[in-house]
There are 2 protein chains.
Amino acid sequence: MQQSNQSPFDVRNRRLMEAKSRPEPSTSPCAACNVRHLTVCDALEGAELQQLAEIVQNVELEPGQPLFDEGERADFVFNVTAGCVKVYKLLPDGRRQVTGFLFAGDFLGLANQDFYAFSAEAVSPATLCRFQRGKLEAAMERFPQLEKRLLGVASHELAVAQEQMLLLGRKTAKERLASFLIKLSESAERRGQSKNPVRLPMTRADIGDYLGLTTETVSRVMTQLKGQGTIALMPNGQVELSDLEKLEDLAGGY
Amino acid sequence: MQQSNQSPFDVRNRRLMEAKSRPEPSTSPCAACNVRHLTVCDALEGAELQQLAEIVQNVELEPGQPLFDEGERADFVFNVTAGCVKVYKLLPDGRRQVTGFLFAGDFLGLANQDFYAFSAEAVSPATLCRFQRGKLEAAMERFPQLEKRLLGVASHELAVAQEQMLLLGRKTAKERLASFLIKLSESAERRGQSKNPVRLPMTRADIGDYLGLTTETVSRVMTQLKGQGTIALMPNGQVELSDLEKLEDLAGGY
DNA sequence: CGTGAAGTTGAGTATGCTCAACGGTGGTGG
DNA sequence: CCACCACCGTTGAGCATACTCAACTTCACG
């Protein structure tokens with residue numbers, strides 16, 4: 001049985017209290033939002049954005065601070081506006097599966113049921129927009145294009161999830177790492193950040209829990225990739241993808 | 001590297017041509033549909049169902065017959081009305097990950113992009129309702145509750161996918177099998193079929209490709225579970241869950 | 001029956017895990 | 001200001017789980 005990359009005395013014990021939150025000022029901040037083009041909010045414009053701004057609250061998280069836990073009432077949905085958030089599920093004995101890393105523009109909290117099906121926690125300092133579920137649903141009634149956009153987001157997430165299943169079920173450790181680095185690089189590029197070198201804001205343990213590996217294996221494979229000149233490890237968790245073609249070969253077609 | 005449970009000369013070579021399809025008679029067959037309560041179509045009623053019936057076509061598949069392949073233009077979406085369909089992704093070297101088994105009532109074909117992100121193929125004789133994507137989207141304009149229902153389906157699928165990631169990334173072979181049998185049993189019950197014994201319409205190879213294991217491992221673990229009296233193998237691919245509590249323990253909390 | 005696919009079992013092995021030690025780094029408090 | 005400590009990352013040795021390859025049995029179907 002593989003352990004989870006989780007220390008017994010976990011950051012979750014450091015939950016500081018409620019996440020800080022404050023109402024937005026009344027001039028439409030959504031209209032001024034500099035990551036809107038990445039988000040579901042981009043479905044709206046002008047006066048609609050004004051209305052959206054009225055139901056949004058801002059949330060700031062420190063690294064390791066939980067946003068919500070699996071099983072809690074799903075009262076809110078979120079949009080990441082900066083930083084990195086991980087979502088994960090736990091087994092009773094502590095084994096962990098990170099099901100995604102979310103960055104600026106990513107939507108978070110879709111839940112069919114009344115309860116979150118997963119936990120969410122900041123990886124790096126992060127800011128999010130928070131919507132009361134009921135209010136967002138009301139907004140979706142008024143603005144059908146918002147609902148349509150959300151369906152698009154959900155469909156996309158589904159395709160991503162299927163690819164991750166392929167990775168977890170059928171790829172080797174090296175293939176998993178290669179796929180991960182490439183995806184992360186592409187994702188950074190979409191957000192207008194450095195594609196190469198790419199920054200890894202999460203720990204080896206987080207990466208392991210995302211890829212279905214242990215920290216040790218992640219570390220070893222990194223060393224291996226470094227040794228063959230495919231990547232180079234740089235300060236601040238940056239990774240240079242020195243031989244992207246090689247890396248794409250290793251990733252096994254994805 | 002783990003192989004895929006795929007024989008070189010594959011059933012896909014047996015694609016018979018186009019799947020049989022014929023228009024529905026004009027009396028609303030959707031109103032008479034006996035699995036409607038399981039489907040997205042349940043969002044509609046009366047005259048709306050009549051309109052739906054006008055854009056639906058019936059598809060019948062033999063075991064092993066493909067419905068569509070990854071990368072094809074995603075012109076249709078489907079609803080399974082009977083039988084079992086598997087959806088899967090392939091790596092270039094043939095390794096396969098089955099991302100889901102679909103049964104009566106299950107919706108199929110959500111695709112954000114213009115192309116299917118996965119392949120779909122009948123496991124047992126199956127019938128499906130087929131909708132031209134464009135026509136269904138038009139119907140969603142007219143009937144917003146249909147779109148809402150679809151968003152609900154997508155959210156649910158997402159939660160299921162995350163649980164499967166947990167299984168693939170962090171569970172042992174025995175836990176995977178136990179989880180699988182329980183889920184399948186619950187799914188059968190929802191459709192009003194026998195919950196125990198539960199029928200496995202798919203091969204060991206399919207199960208392996210779904211659980212990220214080889215056929216041999218699936219077989220061995222089955223034997224093991226049988227040996228400890230947790231399950232019993234019966235004719236026709238039926239499995240009796242003799243000790244459900246034990247099985248749930250093994251499944252590791254899910 | 002005969003045939004081919006599916007399923008089971010066995011022997012040996014490899015990949016990635018476990019347990020352990022150690023080096024680096026950043027933050028904290030004496 | 002420096003010492004300490006916790007956390008993170010890396011590396012090593014040994015091991016276990018699940019894989020590979022192979023043979024054989026069972027089953028469904030013609």
Side-chain angles (χ1 to χ4, degrees), chain A residues 1-14 62-64 93-96 123-125 167-177 200-209 211-227 231 233-239, chain B residues 1-11 13-14 62-64 93-96 123-125 167-177 200-209 211-227 231 233-239 250:
Chain A
M1 181 186 303
Q2 41 209 359
Q3 74 158 53
S4 189
N5 304 317
Q6 179 185 23
S7 57
F9 300 100
D10 194 51
V11 284
R12 64 183 38 251
N13 293 327
R14 295 200 260 125
E62 293 306 313
D93 64 2
R95 279 174 286 170
R96 182 194 306 241
V123 165
S124 67
L167 178 148
L168 292 170
R170 290 300 181 210
K171 287 192 182 179
T172 65
K174 201 186 268 191
E175 289 169 337
R176 293 181 200 199
L177 246 303
L200 310 188
M202 67 293 287
T203 64
R204 298 286 187 268
D206 286 337
I207 298 172
D209 282 345
L211 299 178
L213 303 170
T214 58
T215 56
E216 294 94 330
T217 298
V218 171
S219 189
R220 272 187 252 274
V221 174
M222 289 281 210
T223 304
Q224 221 178 315
L225 292 174
K226 189 177 66 177
I231 64 172
L233 301 180
M234 298 167 60
N236 278 322
Q238 304 215 108
V239 178
Chain B
M1 181 185 305
Q2 42 209 1
Q3 75 158 51
S4 189
N5 305 315
Q6 181 185 22
S7 58
F9 299 100
D10 193 53
V11 284
N13 292 328
R14 296 199 257 126
E62 293 305 314
D93 64 3
R95 281 174 286 171
R96 180 194 306 242
V123 165
S124 65
L167 179 149
L168 291 170
R170 288 302 180 209
K171 288 191 182 180
T172 65
K174 200 187 269 190
E175 290 169 337
R176 293 181 201 199
L177 247 302
L200 310 189
M202 67 292 287
T203 65
R204 298 286 187 266
D206 285 338
I207 297 172
D209 282 344
L211 299 178
L213 302 170
T214 57
T215 57
E216 295 94 329
T217 298
V218 171
S219 188
R220 273 187 251 273
V221 174
M222 288 282 209
T223 304
Q224 221 177 315
L225 292 174
K226 189 176 66 179
I231 64 172
L233 301 181
M234 299 166 61
N236 279 322
Q238 303 214 111
V239 177
L250 286 178

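Just so it is clear: chains get the letters A, B, ... in the order the sequence lines come, proteins before strands, and each one is counted from 1. This is a predicted model, so every value here is computed, not measured.
Separating the CG atom in B:Leu250 from the CD atom in B:Glu175 is a distance of 7.5 Å, to the nearest 0.5 Å.
Among the nucleotides D:dA18, C:dC17, D:dG9, the one closest to the side chain of A:Arg204 is D:dG9. Nearest nucleotide to the side chain of B:Ser219, out of C:dT9, D:dC19, C:dC17: C:dT9. When each of C:dT8, D:dC21, C:dC17 is scored by its nearest atom to the side-chain atoms of B:Glu216, the top-ranked nucleotide is D:dC21.
Note: CG (B:Asp93) to P (D:dC19) measures 15 Å, nearest angstrom. Rounded to a whole Å, the CG atom of A:Leu177 is 11 Å from the P atom of D:dT10. C:dT8 atom P lies 10 Å from atom CG of B:Leu200, rounded to whole Å. As rounded to whole Å, 13 Å separates atom P of D:dT10 from atom CD of A:Gln224. Atom C1' of nucleotide D:dT17 and atom CD of B:Glu175 are separated by 12 Å, given to the nearest angstrom. The separation between A:Asn236 atom CG and C:dG26 atom C1' is 12 Å, rounded to whole Å. Distance B:Met234 CE to C:dG7 P: 17 Å, rounded to the nearest Å. As rounded to whole Å, 9 Å separates atom P of C:dT9 from atom CG of B:Leu233.
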Set out, in order, the CA-CA distance, both residues' side-chain angles and the distance that settles side-chain contact (heavy atoms from CB on, under 4.5 Å) for B:Thr223 and B:Arg220, then state yes or no. CA-CA 5 Å; B:Thr223 304; B:Arg220 273 187 251 273; 5.6 Å; no
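A donor-acceptor contact shorter than 3.5 Å is absent between the side chain of A:Arg204 and the backbone of A:Glu216. Within the 3.5 Å criterion, the main-chain N or O of A:Arg95 finds no donor-acceptor partner in the side chain of B:Arg170.
Residue A:Val123 comes nearest to A:Pro63 through the heavy atom pair O-CB, 3.5 Å, listed as atom of the first residue, atom of the second, then distance.
Contact annotation for B:Thr223: backbone-only contact, meaning every heavy-atom pair under 4.0 Å involves sugar-phosphate atoms and none involves a base. The residue A:Leu211 sits apart from the nucleic acid: no heavy atom pair falls under 4.0 Å. If you check every strand for non-hydrogen atoms under 4.0 Å, A:Thr203 touches sugar and phosphate atoms only.
OP1 or OP2 of D:dC19 has at least one side-chain nitrogen or oxygen of B:Thr214 nearer than 4.0 Å.
Within 3.5 Å, a donor on the side chain of A:Arg220 pairs with an acceptor on the base of C:dT18, or the reverse.
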